[in-house]
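First the structure, in the form of structure tokens, and then the observations on it.
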Amino acid sequence: MNKNLFEYLLRLGDDSLIIGHRLSEWCGHGPILEEDIAMTNMALDFIGQATTIFEYAAKVENTGRDADALAFLRYEREYRNVLLVEQPNEDFAVTMVRQFLFDAFRKPLYEALQNSSDTQIAAIAEKSLKETKYHLKHSSEWVIRLGDGTEESHEKAQYAVDTLWRYTDELFFENEVDAALQAENVIPSLIPIREEWQKTVTDVLTEATLSIPQNGWKQQGGRTGLHSEHLGYILAELQYMQRAYPGMKW
Amino acid sequence: MVSELQIWQWLEEVSDPEIPVLTVVDLGVVRSVKTNGDQVKIVITPTYSGCPAMQVIEEDIKQVLKFKGIDQVEVELVLSPAWTTDWISEKGRIKLKEYGIAPPADEVDKSVLFADPPVIECPLCHSTDTRMISQFGSTACKAHYQCNSCLEPFDYFKCLK
């Protein structure tokens, strides 16, 4: 098994799964019907992406674990998602800012991964990029509307940016896994991706009249399995059926 | 032994579970059909990553072909090249419209923020005085519109390129 490839696929898949789960929590609770539908539509895209990524990861691992086992039967410390995606929804502003910060990262990442020397990763990226463009447009427009909206919406959006900013550094986490895969042209360097992220974020937040936090404390841990307390609660819900009724199927 | 052409014709009997007026061939999700003796291999591609219809489509294909006497059917799901609404057939576009869903129009680049949504003709009264209610509709592939002339809401099969 290619351990580095498997590890990287878990990062991609777990980011999609967990942010998809967070969006799905809005089902039936959206501030307006159209947003309720939009957020569950996006949740479906992310969980669909996670499925494809986990199916490939299961093939790479080749130990008999399938995509469902990877999604539902790992322990907290085995999840590789960034801390950003597991942060609670709180209100609509926090959810949309979190989404924006993530989409602005995912778009250039998928663009670059389309050129991966691994044909399956390239195919997943090509497919997912089309959906990601929609997501980024949607979240960017909301961040601008909220930031440049009423006094209250501005305040809430600024609170969201200030609260979530400390988790953005981790999007660009790299270690020996990346170095090995970069050497084989499986994945790109995150340096140009960070530049593009920075530009998108600066443009949109400026347009939204939101101030960009100055560099302060940055939190990391998710990529190495050290999560915030929130992931445990997510997993308790996500894994409930498989833990209570092992092997159950729809 | 059965011809590939015959299989394509039979696949016209498999409809999309969410938009039953379209066949899987109209929708452009069937990418290739290969036969080898009694074995048939069909390659399909999803419309959206999370499209819940794909599993049903796979089973429906197998079932229809089994009914035609073909037991050895392999259905493979491939992601690349990624599906685009350009693959919806001309016949499919007409059927969509008759069914009350506006077919995909050429849209501007998705990266333009707050871009005017495309002008979509109401499939019911054919007025072009319509407005987008939401970019996201009843399924991942549709947006939600309303006609300002007849006031009816309708689905628009959004452009994906």
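In the text below, chain A, chain B and the rest are named by the order of the sequence lines, each starting its count at 1.
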- [ ] Below 4.5 Å from any heavy atom of chain B, which atoms of A:Ile47 appear? Answer side chain, backbone, both or neither.
- [x]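 Contact with chain B is absent: no heavy atom of A:Ile47 under 4.5 Å.
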inquiry  = Is A:Thr52 close to chain B through its backbone or its side chain, or both, or neither, when contacts mean heavy atoms under 4.5 Å?
reply    =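 Side chain only.
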In Å, rounded to the nearest 0.5 Å, how long is the span from [atom1] of [X] to [atom2] of [Y]?
X: A:Ile32; Y: B:Ser134; atom1: CD1; atom2: OG; answer: 7.5 Å
X: A:Leu33; Y: B:His144; atom1: CG; atom2: NE2; answer: 8.5 Å
X: B:Met132; Y: A:Glu34; atom1: CE; atom2: CD; answer: 10.5 Å

Heavy-atom neighbours of [X] [atom1] exceed 12 at 6.0 Å:
X: B:Lys68; atom1: NZ; result: yes
X: B:Gln9; atom1: CD; result: yes
X: B:Lys142; atom1: NZ; result: yes
X: A:Asp148; atom1: CG; result: yes
X: B:Glu12; atom1: CD; result: yes

For chain A, which candidate among [options] shows the most heavy-atom pairs at distances under 4.5 Å?
options: B:Thr45, B:Leu77, B:Leu160; answer: B:Leu160
options: B:Cys51, B:Gly137, B:Pro52; answer: B:Gly137
options: B:Ser138, B:Gly50, B:Pro81, B:Ser49; answer: B:Ser49

Is it true that the side chains of B:Ser80 and A:Glu126 contain a donor and an acceptor less than 3.5 Å apart?
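Yes, side-chain donor-acceptor contact under 3.5 Å.
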For [X] and [Y], which heavy atoms make the closest approach, and how far apart are they?
X: B:Trp83; Y: A:Lys130; result: O-NZ, 3.1 Å
X: B:Leu113; Y: A:Ser140; result: CD2-CB, 3.6 Å
X: A:Asn41; Y: B:Thr139; result: OD1-O, 3.5 Å
X: B:Cys159; Y: A:Tyr134; result: O-OH, 3.4 Å

field: A:His138 side chain reached by B:Phe136 side chain, heavy atoms, under 4.5 Å
entry: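 B:Phe136 vs A:His138: side chains touch.
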Between B:Leu79 and A:Ser128, is there a side-chain heavy-atom distance shorter than 4.5 Å?
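No, side chains not in contact.
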Would a distance-only check, ignoring hydrogens and angles, find a side-chain to backbone donor-acceptor pair under 3.5 Å from A:Asp45 to B:Tyr48?
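The answer is no, because no donor-acceptor pair under 3.5 Å joins these two groups.
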### Query
Okay, side chain of A:Lys127, backbone of B:Pro46: is any donor-acceptor separation there less than 3.5 Å?
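Yes, A:Lys127 side chain to B:Pro46 backbone: donor-acceptor pair under 3.5 Å.
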Within 45° of the axis and under 6.0 Å from the centre of the six-membered ring of B:Phe114, does NZ or CZ of A:Lys137 qualify?
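The answer is no, since A:Lys137 fails at least one limit relative to B:Phe114.
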key: Selection from A:Gln49, A:Gln120, A:Glu35, A:Glu141 maximising heavy-atom pairs under 4.5 Å formed with chain B   =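 Top option by heavy-atom pairs under 4.5 Å: A:Glu141.
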